[in-house]
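Worksheet: the structure to be examined is printed underneath.
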Amino acid sequence: MPLNFVFTILRLLIATLVLLPAMVFLSQQTIEPVVLKEQYSYSCKVKNTSGKKHFHIYMPTNWQVEEFAQTLCDTLLAKQSFETVTVSWQPREMLSTEQLLSDNYALFLNRDYALSGLLPNWDDFYTAILSLPSYQISWFSHQDNMQLSANSLKNKRIGLLEDKRSESGYLAPMSELKQFGHGLDNAQLVFYPNRESLVNDFLAEKLDIIPSVGHHGQLKRWPASKTQPLQHVSSSLSWYLNDQYADLAPPLVTYLQQYQSRLLKVHTTHPYSLDKGLR
């Protein structure tokens with residue numbers, strides 16, 4: 001056997017013995033996928049602040065949240081004792097009694113019955129300063145003359161919000177879907193962390209049907225022939241202000257009225273009166 005051939009075989013054996021443990025080690029390792037967390041808050045610095053307090057707001061929606069917060073930081077709360085403003089929009093089921101009792105929120109948007117379930121004596125700590133009227137919830141589809149039934153929903157992808165306390169995105173539509181009984185396959189339901197991603201996938205035709213409110217910016221001009229009202233009409237939402245910030249009620253009410261009229265396209269009423277104060 002030629003000497004060169006022997007040396008070649010020996011080199012291959014040595015290389016194999018060196019690399020084999022490393023190959024075995026790598027084969028046993030699990031590479032964890034990188035998971036990007038859903039953003040649920042936006043913060044800004046208050047201009048010309050005179051203190052270190054934090055103004056924390058909770059909303060169940062992320063509609064135009066940056067513009068909403070920046071107006072507070074740049075004008076309404078400027079030169080006051082707040083250093084930062086943070087707007088959070090986590091699913092409502094994450095809102096807890098402990099957070100409400102610990103004065104974690106200066107201002108939040110919720111429904112009276114939901115708030116009473118968390119904190120029966122909420123009016124000892126918070127005051128409702130602005131209310132939205134009830135509004136219509138509708139099904140939006142890509143199909144003309146849509147009529148919802150167990151048969152028409154077969155093989156349809158239906159988008160919902162994963163927030164189980166959302167009346168328009170989960171509670172009301174899920175209740176109506178349950179009326180169709182066993183004809184609906186749970187695999188057809190796709191849940192989303194917020195309404196923007198839900199609507200965006202619907203517009204991209206990744207979903208066949210979604211529930212939403214008609215004043216949503218991207219759905220306002222959706223053809224009437226492709227919508228169907230839900231039987232359920234939502235109960236009213238209200239803005240609640242922490243009583244320790246009661247002096248901010250007048251400017252907040254004015255701003256929130258403008259915000260809701262401009263962005264949510266609904267009219268508002270409020271129980272705040274400049275001559276009688278909070279009531």
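Note that this is a predicted model, so its numbers are computed, not measured.
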>> Among residues at least two apart in sequence or on other chains, which ones pass side-chain contact (heavy atoms from CB on, under 4.5 Å) with Thr86?
In response: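 side-chain contact (heavy atoms from CB on, under 4.5 Å) check on Thr86 returns Ser41, Ser43, His54, His56, Ser88.
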
>> Taking side-chain contact (heavy atoms from CB on, under 4.5 Å) as the definition, give me every residue that meets it alongside Ser149, ordered by chain and number, with sequence neighbours left out.
In response: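 Expected list: Asn151, Ser152.
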
> With sequence neighbours left out, which residue pairs that include part of residues 68-80 fulfil the salt bridge (charged side-chain N to carboxylate O under 4.0 Å, His left out) condition?
Replying inline: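 Pairs touching residues 68-80 that pass the test: none.
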
>> Per the salt bridge (charged side-chain N to carboxylate O under 4.0 Å, His left out) rule, what does the pair list look like for residues 45-62, sequence neighbours excluded?
In response: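 Passing the test, one end in residues 45-62: Lys52-Glu83.
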
> Under 3.5 Å, side chain of Ser50 to main-chain N/O of Gln80, donor-acceptor pair present?
Replying inline: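 The answer is yes, because a donor-acceptor pair under 3.5 Å joins these two groups.
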
> Any donor and acceptor pair, going by atom type alone, linking the side chain of Thr49 with main-chain N or O of Gly51 inside 3.5 Å?
Replying inline: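 Yes: the side chain of Thr49 pairs with the backbone of Gly51.
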
> Only one of Asp163, Leu161, Ile210, Leu219 clears side chain to side chain contact (heavy atoms under 4.5 Å, CB included) with Arg195; which?
Replying inline: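 Testing each of Asp163, Leu161, Ile210, Leu219 against Arg195, the sole residue satisfying side chain to side chain contact (heavy atoms under 4.5 Å, CB included) is Leu161.
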
>> side-chain hydrogen bond (donor to acceptor under 3.5 Å, both in side chains), that's the test. Do Ser197 and Asn194 meet it? Break it down for me.
In response: CA-CA 6 Å; Ser197 58; Asn194 57 62; 3.1 Å; yes

Considering all heavy atoms of both residues, which atom of [X] and which atom of [Y] are nearest to each other, and what is their separation?
{"X": "Arg111", "Y": "Glu167", "answer": "NE-OE1, 2.6 Å"}
{"X": "Ala246", "Y": "Leu241", "answer": "CA-CD2, 4.1 Å"}
{"X": "Leu198", "Y": "Pro211", "answer": "CD2-O, 4.1 Å"}
{"X": "Ser141", "Y": "Trp222", "answer": "O-NE1, 2.9 Å"}
{"X": "Asp123", "Y": "Asp243", "answer": "O-OD2, 4.2 Å"}
{"X": "Gly159", "Y": "Tyr192", "answer": "CA-CE1, 4.4 Å"}

Looking at [atom1] of [X] and [atom2] of [Y], how far apart are the two atoms once the value is rounded to the nearest 0.5 Å?
{"X": "Leu256", "Y": "Ser238", "atom1": "CG", "atom2": "OG", "result": "11.5 Å"}
{"X": "Leu101", "Y": "Trp122", "atom1": "CG", "atom2": "CH2", "result": "14.0 Å"}
{"X": "Ile158", "Y": "Leu148", "atom1": "CD1", "atom2": "CG", "result": "7.5 Å"}
{"X": "Arg165", "Y": "Asn110", "atom1": "CZ", "atom2": "CG", "result": "8.5 Å"}

>> Assess the residue pair Tyr42 and Gln70 against the criterion (side-chain hydrogen bond (donor to acceptor under 3.5 Å, both in side chains)); give the C-alpha distance rounded to whole Å, side-chain angles, the decisive distance to 0.1 Å, and a yes or no.
In response: CA-CA 10 Å; Tyr42 176 82; Gln70 284 297 155; 2.8 Å; yes

Can you find a pair of side-chain heavy atoms, one from [X] and one from [Y], that are under 4.5 Å apart?
{"X": "Met174", "Y": "Leu160", "result": "yes"}
{"X": "Leu107", "Y": "Phe55", "result": "yes"}
{"X": "Tyr105", "Y": "Gln99", "result": "yes"}
{"X": "Leu100", "Y": "Glu98", "result": "no"}
{"X": "Gln143", "Y": "Lys226", "result": "no"}

>> Enumerate the disulfide bond (SG atoms under 2.5 Å apart) contacts for residues 67-130, please, sequence neighbours excluded, ordered by first and then second residue.
In response: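 Disulfide bond (SG atoms under 2.5 Å apart) check on residues 67-130 returns Cys44-Cys73.
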
> Hey, what's the ring geometry for Phe68 with Trp239, parallel, tilted or perpendicular (30° and 60° as the breaks)?
Replying inline: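 Geometry flag for Trp239 against Phe68: parallel rings.
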
> Going through the distances and angles, do Phe82 and Tyr245 end up as a ring-ring contact (aromatic ring centres under 6.0 Å, His included)?
Replying inline: CA-CA 11 Å; Phe82 300 101; Tyr245 304 124; 5.4 Å; yes

>> I'd like to know whether CG of Asp247 has more than 12 heavy-atom contacts from other residues, nucleotides or ligands below 6.0 angstrom.
In response: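 Check passes, neighbour count above 12.
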
> Do Asn145 and Ser225 pass the side-chain hydrogen bond (donor to acceptor under 3.5 Å, both in side chains) test, and can you show the C-alpha distance, the side-chain angles, and the key distance before you say yes or no?
Replying inline: CA-CA 5 Å; Asn145 303 315; Ser225 62; 5.4 Å; no

>> Among residues at least two apart in sequence or on other chains, which ones pass ring-ring contact (aromatic ring centres under 6.0 Å, His included) with Phe108?
In response: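 For Phe108, the residues satisfying ring-ring contact (aromatic ring centres under 6.0 Å, His included) (neighbours in sequence not counted) are Tyr126, Tyr240.
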
>> Taking Val253 as the starting point, is it possible to reach Val87 by hopping between hydrophobic residues whose side chains are less than 4.5 Å apart?
In response: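 Same cluster.
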
